[in-house]
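All heavy atoms count here, side chains included; hydrogens, waters and symmetry mates do not. Throughout, a chain's letter reflects where its sequence line sits, starting with A, and its residues are numbered from 1.
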Number of protein chains: 2
Amino acid sequence: MTDNQVINLSELKSHCQNCSLYALCLPMGLESGDLDKLDQVIKRRQSVNKNNYLFRIGEPLKSVYAIRSGSFKTFLTNPDGTEQIVGFSLPGELIGMDGIGDGRHNCSARALETSSVCEIPYERLESLAIEIPGLQHQLLKLMSQEIQQDQNLMMLLAQMPTETRLASFLLGLSRRLSQRGYAATEFNLSMSRGDIANLLGMAVETISRLLTHFQDDGILRVERKHITVLQLDKLEELATHCASHHPNNSNIG
Amino acid sequence: MTDNQVINLSELKSHCQNCSLYALCLPMGLESGDLDKLDQVIKRRQSVNKNNYLFRIGEPLKSVYAIRSGSFKTFLTNPDGTEQIVGFSLPGELIGMDGIGDGRHNCSARALETSSVCEIPYERLESLAIEIPGLQHQLLKLMSQEIQQDQNLMMLLAQMPTETRLASFLLGLSRRLSQRGYAATEFNLSMSRGDIANLLGMAVETISRLLTHFQDDGILRVERKHITVLQLDKLEELATHCASHHPNNSNIG
DNA sequence: AGCAGTAATTGATCCAGATCAATTACTGCT
DNA sequence: AGCAGTAATTGATCTGGATCAATTACTGCT
């Protein structure tokens, strides 16, 4: 039975329908026959070591990637060489789609920890999406979700004080992790304080101080990279506690 | 001949292939037969008065819209009722695509001036995109471009000083307008100072002061809504003059 | 285990840009 | 034309959070 199980496992690993991320990922909602077609174009189980690039800004878009495990940061690079992180990506998420616009990647993706991905050649994905309406829909849906995420971050950056930004970031992470079957209230940050600061448009020192405050207030326990959320409700409150005193709160007439 | 011309004009108006925005808009690259199919699903020439909504956040997504003339602001509303503008849309651009993710609009769109749009029922667009590969591609491309735009704005908000943000905003507007056949160096702002401030995460007063500075430096002429760019190169310089002294300029190793 | 390089924390100071306040355009209405 | 409401400008002040500086963890290497 042990042998049997081993064989089954390796069987399982090579198909979307048996992947634990199925419900979040690209093949969501596809029926068996269509899934097989998709399965055939996916190059599975590429491993990416910590700090290695999955792709770099400017490279021609040849594939998009579904994350199986681990995490990535995606970032732009401005003329100075300064980087601007535009997001962190978790298992079940698709990265590289930003490059469709002009056929080149418009951001770089770098592994925050040793990770594994499924590579999906983009041209074949696009032609498959014509055959499979559900796949086209899922593709559009995932892109639209990315737009939503980006716009929410824009709101944080434009209007919210640093405390709200960090609370919202942590809460978002917690939610995404719990969707993926991990604990909502206890997790490890795979990214550095500097990376979080960069994403949220603040200084590392401010991140550090806020984490200390959150801990002093009994909202979090912070042990280096390990975060325990002690009072989820208070964190939610901080995250939604909008800038009622803030600029431009012109109500919509 | 005058009569003849009138007849021709109204003929022309009702087809994508004769629209001056063809090259920027959804039908870009489609061949004649496919264009006809697209033409058939488009409800043309809806007019939207200043300050009216094209759609509101939360409404079910029934259509997306291609802008024919005029301009819109798209914005999120947070729990307070505070608005966060996420973009301004110009002729040839497609709005409403953000709603695909969950079938409801995730932002509201409001006309900044009297405008006209082509309404495209979303379900029919999606099924047409299955028939017409080029249309699917164009759809994905436009969404990917929106992601890029949003991410660029994120960088501005997170890293750049106010001067750079405004310069970059004006330059972006100038470029988009000139792509659409308008003058690059002379245009009217259809949005208020308050709207610009909101988008760029700054106070109205700062916008006002910076415009005055730009004028004092001979870069712009500002007459209320009317902007004349006198030194495009200097404006470009200000827009790229990145925050070399700014936080988190961790070079990529 | 020990050393070197990097990440994180903590404290002190400073400043870009928000906020407050007052004035001066505009714009739409009747 | 005149009045009311809103948008924009300009100036004075204040502050959240950046910057600077120093110390204290870590982490990876040999």
Given DNA chain C, 5'-ward residue of the pair I207(A) and R209(B), judged by closest heavy atom: I207(A)
P161(B), nearest nucleotide to its side chain (from dA18(D), dG17(C), dT10(D)): dG17(C)
Per E205(B) side chain, nearest of listed nucleotides dC20(D), dA18(C), dC20(C): dC20(C)
H226(B) and E186(B) side chains, donor-acceptor separation under 3.5 Å: yes
Nucleotide of dT10(D), dG17(D), dT10(C) approaching T162(A) most closely (side-chain heavy atoms): dG17(D)
T206(B), nearest nucleotide to its side chain (from dG17(C), dG11(C), dG11(D)): dG17(C)
R165(A) (side chain) donor-acceptor with M160(A) (main chain) under 3.5 angstrom: yes
Short side-chain donor-acceptor distance under 3.5 Å, S116(B) and S47(B): no
Closest to side chain of S208(B), choosing from dC20(D), dA8(D), dG17(C): dA8(D)
Flag for T162(B)-T206(B): side-chain donor and acceptor within less than 3.5 Å: no
Contact under 4.0 Å: S192(A) side-chain N or O vs dA7(C) OP1/OP2: no
Contact residues, residues 217-231 of chain B to DNA chain D [heavy atom, < 4.0 Å]: R224(B), K225(B)
Q148(A) side chain to N106(B) side chain, donor-acceptor N/O pair below 3.5 angstrom: yes
Bend angle of the helix from dA1(C)-dT30(D) to dT30(C)-dA1(D), end axes from five pairs each (to 10°): 60°
side-chain N/O T212(A) vs dT9(C) OP1/OP2, d < 4.0 Å: no
